[in-house]
Asker: 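Provided herewith is a single structure, encoded as structure tokens, for subsequent inquiry.
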Amino acid sequence: MSIMQEPKIADVKIAEITGRTRVLGILAHPTEHVKAPPGINRIAMMRGKDAVMVPFNVAPGDLDTFVASLRVLKSFDGAIVTVPHKQAIIRLCDEVSPQALAVGAANVLRREADGRLVGHQLDGIGFVEGLRGQGIDVSGRSAYLVGAGGAANAVAFALAEAGIARLTLANRTVEKIEALAAKLKETYPSLDIAIGTADPAGHDLLINGTTLGMSASDPLPFDVSRLKADMIVAEVIMEPEMTPLLKAAREAGCRIHLGRHMLDHQLQLMANFLGL
Ligand code: NAP
């Protein structure tokens, strides 16, 4: 295009970034794969907020220095926190929500006007809201949850908070679910919790909270020969969307629930937490 054909700079339509624009970040390493910024930036525009989310690619060794600088960055309102910083960010926050403390990881960080940094955890609430968005209320149900990592811990606490009637936990490393069960019991003393096996029978909501299914060569997370058509089978895995577990559940006539609903609902929750 010749200079004569170029539109005037002032006529080009963009989301204007000015000296008043509030800065949000997605704190990760690397950042190339992150999915949240376009969604958050759309929410900001829809809500008429002068704010923009940009990638903060910070190596683990630089996290402390970087977070210290966020405290003094007056144009900064907060960040989504993801791999590998979700656990490490906890000790760098001035305040941590009960959910983040219970799970031992935060996935969102807000800067208060006085520079204090508040960490919160929305993975589990996102999962429960994702189910609710599809017309599935967890309250009063019996759930079987496999996994004991970050996602499973968050989901377990959110299920307990949302009023699950009975929760059975299963995982390859049993000590980890024993620790999770003990933490849950401390926070929700009346919750009916059991340590289970690979057999999900006797529950109406079955959840894969492990990484099993991300790779085609993975074994199934639990015994699918025990599936019944009246069960709901839910995933936390987003990629691939149809895991081998969900395919087996569909073949067994179960209702299936995709991992992406957990993230979709988190975007709204994160936007609210970040003040958008
Ligand atoms: P994590 O902390 O690394 O936990 C991994 C879990 O998978 C552990 O329970 C582990 O068991 C189990 N596992 C791994 N390999 C196994 C194997 N070969 N056999 C049996 N169990 C195995 O992972 P995470 O952060 O919880 O993430 C789990 C999944 O959730 C990922 O796909 C992640 O992308 C997804 N996620 C989704 C959302 C969303 O919004 N949809 C949010 C967060 C995470 P052991 O304890 O025995 O090692």
Side-chain angles (χ1 to χ4, degrees), residues 26-31 33-37 39-40 80-90 99-100 102-108 119-134 136 144-159 167-184 195-200 206-224 233-246 256-271 273:
I26 180 150
L27 180 56
H29 180 70
T31 51
H33 65 290
V34 298
K35 303 244 185 318
I40 291 287
I80 292 178
V81 183
T82 185
V83 180
H85 302 308
K86 284 189 193 187
Q87 284 84 18
I89 200 75
I90 291 277
Q99 291 91 337
V103 172
N107 70 346
V108 66
H120 190 29
Q121 167 59 253
L122 291 165
D123 275 338
I125 306 167
F127 179 77
V128 168
E129 287 300 313
L131 282 171
R132 198 167 285 143
Q134 296 297 304
I136 303 165
Y144 168 87
L145 170 66
V146 56
N153 267 265
V155 166
F157 273 90
L159 289 173
L167 180 61
T168 300
L169 303 172
N171 190 49
R172 173 179 62 179
T173 311
V174 175
E175 299 81 65
K176 288 199 203 163
I177 37 171
E178 285 172 349
L180 172 56
K183 273 196 299 178
L184 282 165
I195 304 291
T197 63
D199 180 359
L206 279 41
I207 305 154
N208 176 32
T210 74
T211 49
L212 292 176
M214 292 180 81
S215 161
S217 58
D218 285 343
L220 287 161
F222 54 80
D223 183 359
V224 295
V233 178
E235 265 294 358
V236 296
I237 292 175
M238 291 170 285
E239 193 60 45
E241 185 164 273
M242 277 303 288
T243 59
L245 172 68
L246 291 182
I256 62 166
H257 182 80
L258 305 176
R260 70 172 156 80
H261 297 303
M262 180 173 173
L263 184 65
D264 293 347
H265 281 259
Q266 278 199 75
L267 282 183
Q268 306 283 344
L269 296 167
M270 284 170 164
F273 182 77

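What's counted below: heavy atoms across the whole structure, side chains too, no hydrogens, waters or symmetry copies. Each residue takes its place number in the sequence, starting with 1. For ligands, and for the atoms within them, numbers begin at 1 and follow the listed sequence.
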Asker: Tell me: protein heavy atom nearest atom 2 (O) of ligand 1, and distance?
Answerer: Gly150 N, 3.0 Å

Asker: Relative to the heavy atoms of Ala148, which atoms of ligand 1 are at a distance of less than 4.0 Å?
Answerer: 9 (O)

Asker: If we only count N/O pairs under 3.5 Å, is Gly147 in contact with ligand 1?
Answerer: no

Asker: Pick out which of Ile195, Ile177, Leu145 makes a side-chain contact (heavy atoms from CB on, under 4.5 Å) with Asn171.
Answerer: Ile177

Asker: Ignoring hydrogens, tell whether any protein atom lies closer than 4.0 Å to atom 33 (C) of ligand 1; use the non-hydrogen atoms only.
Answerer: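 No, no protein heavy atom sits under 4.0 Å from atom 33 (C) of ligand 1.
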
Asker: Would you mind checking which non-hydrogen protein atom is closest to atom 6 (C) of ligand 1, with the distance to 0.1 Å?
Answerer: Thr210 CA, 3.8 Å

Asker: Do any nitrogen or oxygen atoms of Arg172 come within less than 3.5 Å of a nitrogen or oxygen of ligand 1?
Answerer: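 Checking ligand 1 against Arg172, an N or O pair does fall under 3.5 Å apart.
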
Asker: Give the atoms of ligand 1, by number and element, whose distance to some non-hydrogen atom of Met238 is under 4.0 Å.
Answerer: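 Selected atoms, number and element: 37 (C), 38 (C), 39 (C), 41 (N).
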
Asker: Report, in ascending order of atom number, the atoms of ligand 1 lying under 4.0 Å from any heavy atom of Met214.
Answerer: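 So the answer, numbered in order with elements, is 31 (C), 32 (O).
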
Asker: Are Met242 and Ile256 side-chain neighbours, meaning at least one heavy-atom pair lies under 4.5 Å?
Answerer: yes

Asker: For ligand 1 and Lys86, I'd like to know whether there is a polar contact (N/O to N/O, distance under 3.5 Å).
Answerer: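 No: no nitrogen or oxygen of Lys86 is under 3.5 Å from one in ligand 1.
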
Asker: Would you say the side chain of Phe222 lies within less than 4.5 Å of the side chain of Leu245, judging by non-hydrogen atoms?
Answerer: yes

Asker: Counting from 1, what ligand 1 atoms have a heavy atom of Leu263 closer than 4.0 Å?
Answerer: 40 (O)

Asker: Distance to 0.1 Å, residue and atom name: give those for the protein heavy atom nearest to atom 20 (C) of ligand 1.
Answerer: Leu212 CD1, 3.5 Å

Asker: Return the closest protein heavy atom for atom 1 (P) of ligand 1 as residue, atom name and distance.
Answerer: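 Checked against all protein heavy atoms, atom 1 (P) of ligand 1 sits closest to Gly149 CA, 4.0 Å.
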
Asker: Going by the atom numbers of ligand 1, which of them fall below 4.0 Å from some non-hydrogen atom of Gln266?
Answerer: 40 (O)

Asker: Quick check on side-chain contact (heavy atoms from CB on, under 4.5 Å): which of Ile207, Thr243, Leu206 does Glu235 satisfy it with?
Answerer: Thr243

Asker: What about Met262: any of its N or O atoms under 3.5 Å from an N or O on ligand 1?
Answerer: no

Asker: Counting both backbone and side chain atoms, is some N or O of Val236 under 3.5 Å from an N or O of ligand 1?
Answerer: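 Between Val236 and ligand 1, an N or O pair is found under 3.5 Å apart.
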
Asker: Do any nitrogen or oxygen atoms of Ala151 come within less than 3.5 Å of a nitrogen or oxygen of ligand 1?
Answerer: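 Yes - when backbone and side-chain N and O of Ala151 are compared with those of ligand 1, one distance drops under 3.5 Å.
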
Asker: Tell me whether ligand 1 is touched by Gly126 - counting only heavy atoms on the residue side and a distance under 4.0 Å.
Answerer: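 So Gly126 does not count as touching ligand 1.
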
Asker: Which atoms of ligand 1 sit under 4.0 Å from any heavy atom of Asp123?
Answerer: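 Selected atoms, number and element: 42 (C), 43 (C).
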
Asker: Heavy atoms only: give me the nearest Met262-Asp123 pair and the separation to one decimal.
Answerer: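 Residues Met262 and Asp123, closest heavy atoms: CE-O, 3.4 Å.
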
Asker: Checking side-chain hydrogen bond (donor to acceptor under 3.5 Å, both in side chains) against Asn107, which of Gln99, Gln266, His85 comes through?
Answerer: Gln266

Asker: Which residue and non-hydrogen atom of the protein lie closest to atom 10 (C) of ligand 1, and at what distance in Å?
Answerer: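 That would be Asn171 OD1, 4.0 Å.
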
Asker: Using distance alone, determine whether Lys176 and ligand 1 share an N or O pair under 3.5 Å.
Answerer: yes

Asker: Go through ligand 1 atom by atom and flag the ones less than 4.0 Å from a non-hydrogen atom of Gly259.
Answerer: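 Matching atoms, with element in brackets: 41 (N).
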
Asker: Please state which protein non-hydrogen atom is closest to atom 14 (C) of ligand 1 and give its distance, to 0.1 Å?
Answerer: Thr211 OG1, 3.2 Å

Asker: Which of the numbered atoms in ligand 1 are below 4.0 angstrom from a heavy atom of Ile237?
Answerer: 32 (O)

Asker: For atom 47 (O) of ligand 1, find the nearest protein heavy atom and state the residue, atom name and distance (0.1 Å precision).
Answerer: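 For atom 47 (O) of ligand 1, the nearest protein heavy atom comes out as Thr173 OG1, 2.5 Å.
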
